[in-house]
Amino acid sequence: MATLLCESGADKRKVFHIGKDEVVCGRADTADITINDPFASGEHFKIINNSNGWMVEDLGSSNGIEINDVNLPSSPVRHGDLIKAGSTYLRFYERDETAEEASHDSLPVIDGYEIYERIGVGGMGEVYRACQLSLEREVAIKTLSAEHAKDRDFVDKFFSEARASGNLNHANIVQVHDVGESGDVCYICMEYVGGGDLTGKLRESDRLTAKDVVSIITDVAKGLEYAEGKGIVHCDIKPDNIMFTTTGTAKIADLGIARSVSGFQERRKEVFGSPHYMAPEQARGKPVDHRADLYSLGCTMFRMLAGRTPFSGASAREVMKKQVVEEHPDILGFAPDCPAELADIIDFLMEKNLEDRCPSATELLRLLENVGKKQRKSRKKDPTVLMGAVKPGTGSFSAASRLKTTGGRKRRRSRSRSIVFVGIVLVLALAGGIYWQINRDPVVSVFEEVAVHEKNDEYSAAIGLLNLLKTKVALNAANMKKVDDKIAALEKSQAALEKELFFRRKWNSYLDLRESGASAEQLLKQIDYLSTIFAEDKNYSMMTVRERKRLSGLIKK
C-alpha cells in the first residue's frame, strides 16, 4: 500500500492511504482523496500503479501539478517525491507510513548538524528540526528546493539577504543563525520556535477570540515596526509565517528573506506572494513598501476572526483580481461578535488606496493599545463583558470614538465611492422629473465609469456596476438591452483575458522545463500535452508546431 502525506495547508500531517491501483485526488467530495484547498480542482490529478511503477497524471486542472517543483502533465513518482496540487504539497511514499514515520524519512545530511525530523514544506524548500552540534542548541534548518538551488544567482542573493537578516535582533522576529552549503544542499539555520505556526493554531480552532487576535497582532506589529526602521519589507505576511514560542509569543518568520524569492518568481514572470493575503499593489506587480505588509496583516486578522479569508476563488488569479478590484466583505457579517473597534482596524489596514491605509506599524500599535485600554475599562464596569463578546455599537467604542480613533475616518472609507454611487442613484430615483431636468442620465454616467474599469481590465468591477444600475434604476427597454449587451461583451472579454493568462502561464512553465535541461523526449511529451490545450488559439498552436519541429530535429540528430 502506498501513502500520500499532506505537508502543508489545512490538511497538514494528514495521511491518505492508497489501497488500489488508480486513485483520483482533488477538492471534490467525489474524489478518492479529498484535499481542503480552494486552489485545487475538483478532480485535480490521479495516481496510477502499473507495470512501470507509480505515475501521477494531471486531469486537466486549472493550475496544473508540480513534481518536485517542476510543472509536468504526467510523471513517474518515486518514494519521497513531492506533488504540488493547487497550494497543497503532498509527499508520496511507496509504502504504508504514518505521519510520524514520514517525518523521519529521507532526512538530509548536513555537516555540523544532526537532523531530527521534517517539520514543514513550502515554496522555498523544506524545514527540519535539528541540533547545531558546535553549540549543542536546537535549531530549525530550512533547505532550498532543487529548483531554487540550481539557480546560482538566486542562491547567492538568498544567502546575502539571509546573512543581512542575521543582524536583525528583535523579540518578535525569528533569528537567523547561519547559512551554508553541504554537498548539494543549500541551507539556512534559524532559531527553533517550538510553538508551531498560526496556520496550525487555526487548524485546531478555526476562529480565535478577539483577545487572542489583539495579542498576536500586537506581537507581529512590533516586529514589523522594527523592520520598518531597518527599511525591510517582508512581502509575504500570512499565517504560515507567524510562529509561536512555547510561551505563546508570536514571531515573524522569513523576514528579510522572502524578497529573494520575489526576485526568483519575477524572473519566471510570476507575481510573488500568497494570493489570499496579498496587497492590491503587489497583485498588480507594482512596487511595494511596508504598507503592503500591513494590508497582509489585515487579511490575516480577518482570517483569525472570521474563520475564512476575505476573498476566495477557484484560482490564484481570481483571488488576486478580487484583491485589486473588490472591496473586502465586512468582518461583522462573518463574525458578529467581533468588537467594532477591531472591525475598524481591519478596514483601515485593508484600504485599497495606499494613502488611505494605516500608515505604519507604529500607528497600528497605538490603535491596538487603545483597544486593550477600552476593553479593560469595559470589563471593570461590567465583569460579564468579555473580550470578543462585545456587540458592535454597544461595547467600549461609541460611533464617535470609533471615528476619532481612526482620525475621523468613517468605517469602510474604501467603499465610499460605491456607497456614494448607490446613494446618488436612490436620490435620483426619488427626485424623478426634477433630476432629469438638471442632471445627466445615470446610464451615461455609469457607462463612463464602466469604460474606465474596462480600460484597466477590471471586468468584474465593471460588470458589478452595470448589475447595480439594473437593480437601482428603472430602465426602459432600450437601456436594458444596452446594459445587457455590455455585460455580455464584458464577460466575453473577461473570459478571453483569463484564457490568455492561462495559456501564458502554461507556456512559461514549459520554457522553465526547457531551461532546466530536460531531454528532448520529455519536452516533446509536454508539447503534445500543450497542443491539446492550445488547440483553440491560433498563435499558441503555431508556437507548439514550431517547437515540435525543433525538438524533432534534435531527436533525429
Side-chain angles (χ1 to χ4, degrees), residues 38-39 41-42 60 62-63 275 280 283-284 308-330 333-334 352-353 412-505 533-540:
F39 293 151
S41 296
S62 57
N63 296 314
R284 294 179 72 98
R308 51 153 285 173
T309 53
F311 300 106
S312 60
S315 67
R317 162 75 183 174
E318 184 179 341
V319 174
M320 288 163 58
K321 191 168 186 178
K322 289 181 179 180
Q323 295 280 22
V324 174
V325 303
E326 292 188 13
E327 297 303 332
H328 65 277
D330 194 333
F334 298 96
K352 304 290 187 193
N353 189 331
R412 307 305 303 279
R413 183 169 59 184
S414 62
R415 290 201 297 185
S416 60
R417 284 178 296 177
S418 297
I419 293 171
V420 168
F421 171 76
V422 174
I424 289 173
V425 171
L426 292 173
V427 170
L428 295 177
L430 292 172
I434 297 175
Y435 168 79
W436 297 111
Q437 293 177 15
I438 62 174
N439 290 284
R440 299 174 63 203
D441 185 339
V443 175
V444 174
S445 299
V446 171
F447 267 76
E448 287 177 354
E449 190 166 352
V450 163
V452 174
H453 285 301
E454 186 176 11
K455 184 178 180 181
N456 294 325
D457 292 338
E458 298 168 351
Y459 299 114
S460 294
I463 292 169
L465 278 175
L466 292 172
N467 283 325
L468 184 63
L469 179 66
K470 288 171 64 176
T471 303
K472 298 299 181 181
V473 177
L475 301 173
N476 58 35
N479 278 335
M480 181 64 79
K481 184 178 186 306
K482 181 180 178 182
V483 170
D484 286 339
D485 288 346
K486 189 62 179 177
I487 289 175
L490 289 168
E491 288 176 342
K492 185 176 180 180
S493 298
Q494 183 176 31
L497 175 63
E498 290 175 353
K499 181 178 288 187
E500 164 64 21
L501 291 171
F502 173 74
F503 286 168
R504 192 182 306 166
R505 186 170 68 250
I533 295 176
F534 295 158
E536 300 177 15
D537 186 281
K538 183 179 179 181
N539 292 330
Y540 281 97

Looking at every heavy atom in both [X] and [Y], which two are closest together, and how far apart are they?
{"X": "Ala462", "Y": "Leu490", "answer": "CB-CD1, 3.8 Å"}
{"X": "Glu318", "Y": "Ser312", "answer": "OE2-O, 4.4 Å"}
{"X": "Pro275", "Y": "Val319", "answer": "O-CG1, 3.6 Å"}
{"X": "Phe311", "Y": "Pro329", "answer": "CE2-CD, 4.4 Å"}

Residues passing the ring pair (Phe, Tyr, Trp, His ring centres under 6.0 Å) test with Tyr459, sequence neighbours excluded, are none
The ring pair (Phe, Tyr, Trp, His ring centres under 6.0 Å) partners of Phe534 (sequence neighbours excluded) come to Phe503, Tyr540
Measure from the side-chain N and O atoms of Arg308 to the backbone N and O of Pro310, and report whether any donor-acceptor pair falls under 3.5 Å.
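Yes, Arg308 side chain to Pro310 backbone: donor-acceptor pair under 3.5 Å.
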| message | Please check this pair: side chain of Lys352 against backbone of Gln323, looking for a donor-acceptor N/O pair closer than 3.5 Å. | response | yes
Below 4.5 Å, heavy atoms only, C-beta onward: do [X] and [Y] meet side chain to side chain?
{"X": "Val473", "Y": "Val443", "result": "no"}
{"X": "Val446", "Y": "Val483", "result": "no"}
{"X": "Lys470", "Y": "Ile487", "result": "yes"}
{"X": "Asn479", "Y": "Leu469", "result": "no"}

Nearest-0.5 Å distance, [atom1] of residue [X] to [atom2] of residue [Y]:
{"X": "Ile463", "Y": "Leu468", "atom1": "CD1", "atom2": "CG", "value": "13.5 Å"}
{"X": "Leu466", "Y": "Lys482", "atom1": "CG", "atom2": "NZ", "value": "10.0 Å"}
{"X": "Lys322", "Y": "Glu327", "atom1": "NZ", "atom2": "CD", "value": "13.5 Å"}

Before giving the answer on side chain to side chain contact (heavy atoms under 4.5 Å, CB included), spell out for Val444 and Glu448 the whole-Å C-alpha distance, their side-chain angles and the decisive distance to 0.1 Å.
CA-CA 6 Å; Val444 174; Glu448 287 177 354; 3.9 Å; yes
